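Okay, so here's the structure we're looking at.
Note that ligands are numbered from 1 as they come in the structure, with each ligand's atoms numbered from 1 the same way. Small disclaimer: the values here were computed from a predicted structure and weren't measured.
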Amino acid sequence: MFNLKREADNFLKRLTFAFSGIISAFKRERNLHIQSIVAIIVIVSAILIHVTLTDFMIILILIGGVISLELVNTAIERAVDLTTQKPHPLAKAAKDTAAGAVLCFSIISVIIGFMILYKTLL
Ligand SMILES: Nc1ncnc2c1ncn2[C@@H]1O[C@H](COP(=O)(O)OP(=O)(O)OP(=O)(O)O)[C@@H](O)[C@H]1O
């Protein structure tokens with residue numbers, strides 16, 4: 001039977017697990033530090049040059065996308081390391097493909113960022 005209190009407790013528990021995953025990744029991953037600093041610089045710059053609300057939302061989506069993908073990349077790296085510490089072509093392929101996903105989204109984000117900058121300052 002549906003129990004609202006139990007569901008709310010479970011939801012809060014899952015939220016705590018998710019936050020602890022984010023904190024643990026931030027403690028370990030230097031890339032996440034760099035991406036967060038870049039994100040703060042981009043957000044402050046976007047406010048200073050008065051981008052439109054729509055452009056600001058696009059910037060937030062792109063920042064969220066890069067950081068989320070980096071978290072997934074970290075999860076894959078850890079899962080691979082848990083499976084094997086020995087060199088294996090599949091371990092390398094899994095890690096490099098996950099890193100490639102972050103790179104792919106980051107390149108697209110930089111291109112869109114420059115398009116927004118160009119459009120705003122023109
Ligand atoms: N078990 C493995 N077998 C083969 N290649 C691996 C293995 N583990 C890592 N590599 C490769 O070595 C390189 C560095 O891997 P590493 O796990 O140190 O990743 P990283 O991107 O430096 O991440 P981090 O420093 O956050 O752990 C990558 O190209 C990766 O694919």
Side-chain angles (χ1 to χ4, degrees):
M1 202 174 68
F2 184 78
N3 180 326
L4 184 61
K5 190 189 170 327
R6 198 185 57 213
E7 291 302 323
D9 284 349
N10 283 343
F11 177 73
L12 277 179
K13 222 183 271 175
R14 287 196 294 271
L15 212 57
T16 312
F17 293 149
F19 272 113
S20 87
I22 293 172
I23 290 165
S24 132
F26 266 89
K27 279 186 184 159
R28 184 175 177 264
E29 284 299 318
R30 209 168 58 93
N31 281 352
L32 276 169
H33 300 168
I34 296 167
Q35 284 151 353
S36 303
I37 291 166
V38 171
I40 291 167
I41 293 170
V42 169
I43 288 171
V44 172
S45 308
I47 293 168
L48 289 178
I49 66 169
H50 302 292
V51 298
T52 64
L53 181 64
T54 309
D55 287 345
F56 194 69
M57 289 190 294
I58 291 171
I59 288 169
L60 290 184
I61 290 170
L62 294 174
I63 288 172
V66 171
I67 290 178
S68 303
L69 272 178
E70 189 61 47
L71 289 170
V72 173
N73 180 38
T74 302
I76 290 171
E77 276 179 9
R78 290 183 184 193
V80 169
D81 288 342
L82 180 68
T83 311
T84 179
Q85 295 289 336
K86 291 184 199 146
H88 193 289
L90 281 178
K92 179 170 172 50
K95 284 189 176 186
D96 293 352
T97 308
V102 181
L103 181 64
C104 199
F105 199 87
S106 301
I107 290 171
I108 298 291
S109 301
V110 169
I111 292 169
I112 295 173
F114 275 113
M115 288 164 80
I116 291 173
L117 188 71
Y118 180 76
K119 190 193 80 164
T120 308
L121 295 180
L122 207 73

(request) Please test F56 against I47 for side-chain contact (heavy atoms from CB on, under 4.5 Å), starting from the C-alpha separation and ending with a verdict. (result) CA-CA 8 Å; F56 194 69; I47 293 168; 4.0 Å; yes

(message) Please find the pair of heavy atoms, one from T120 and one from I49, that lie closest to each other, and give the distance.
(response) CG2-O, 3.4 Å

(request) Looking only at protein heavy atoms, identify the closest one to atom 5 (N) of ligand 1 and say how far it is in Å. (result) K92 CB, 3.3 Å

(request) With the side chain counted from C-beta on, respond yes when T83 and H88 share a heavy-atom pair under 4.5 Å apart, and no when they do not. (result) no

(request) Using a strict cut-off of less than 4.0 Å between a Lys/Arg side-chain nitrogen and an Asp/Glu carboxylate oxygen, indicate whether D9 and K5 qualify as a salt bridge. (result) yes

(message) Apply side-chain contact (heavy atoms from CB on, under 4.5 Å) to residues L60 and I43 and explain how you reach the verdict.
(response) CA-CA 8 Å; L60 290 184; I43 288 171; 4.0 Å; yes

(message) Can you confirm whether some protein heavy atom lies under 4.0 Å from atom 25 (O) of ligand 1, or whether none does?
(response) no

(request) Can you figure out which of Q85, E70, K95 has its heavy atom closest to atom 16 (P) of ligand 1? (result) K95

(message) Which residue and atom name correspond to the protein heavy atom nearest atom 2 (C) of ligand 1, and how close is it?
(response) A91 CB, 3.6 Å

(request) Ignoring hydrogens, tell whether any protein atom lies closer than 4.0 Å to atom 9 (C) of ligand 1; use the non-hydrogen atoms only. (result) yes

(message) At under 4.0 Å between heavy atoms, is it the side chain or the backbone of K86 that contacts ligand 1, or both, or neither?
(response) backbone

(request) Please identify which atoms of ligand 1 are closer than 4.0 Å to at least one heavy atom of E29. (result) 26 (O)

(message) What verdict does the side-chain contact (heavy atoms from CB on, under 4.5 Å) test give for E29 and N73, after you've listed the backbone C-alpha separation in whole Å, the side-chain angles of each residue and the deciding distance to 0.1 Å?
(response) CA-CA 10 Å; E29 284 299 318; N73 180 38; 5.7 Å; no

(message) With the threshold set strictly below 4.0 angstrom, can you tell me whether any protein non-hydrogen atom sits that near atom 12 (O) of ligand 1?
(response) no

(request) Can you pull out the closest protein heavy atom to atom 30 (C) of ligand 1? Residue, atom name and distance to 0.1 Å, please. (result) D96 OD1, 3.5 Å

(message) Which residue and atom name correspond to the protein heavy atom nearest atom 27 (O) of ligand 1, and how close is it?
(response) E77 OE1, 3.4 Å

(message) Looking at atom 22 (O) of ligand 1, tell me if a protein heavy atom falls under 4.0 Å from it.
(response) no

(request) Report yes or no: does S68 contribute a side-chain atom to a donor-acceptor pair with the main-chain N or O of G65 at less than 3.5 Å? (result) no

(message) With a 4.5 Å cut-off on side-chain heavy atoms, are V102 and Q35 touching?
(response) yes

(message) Among all protein heavy atoms in this structure, tell me which lies nearest to atom 4 (C) of ligand 1, with the distance rounded to 0.1 Å.
(response) H88 O, 3.2 Å

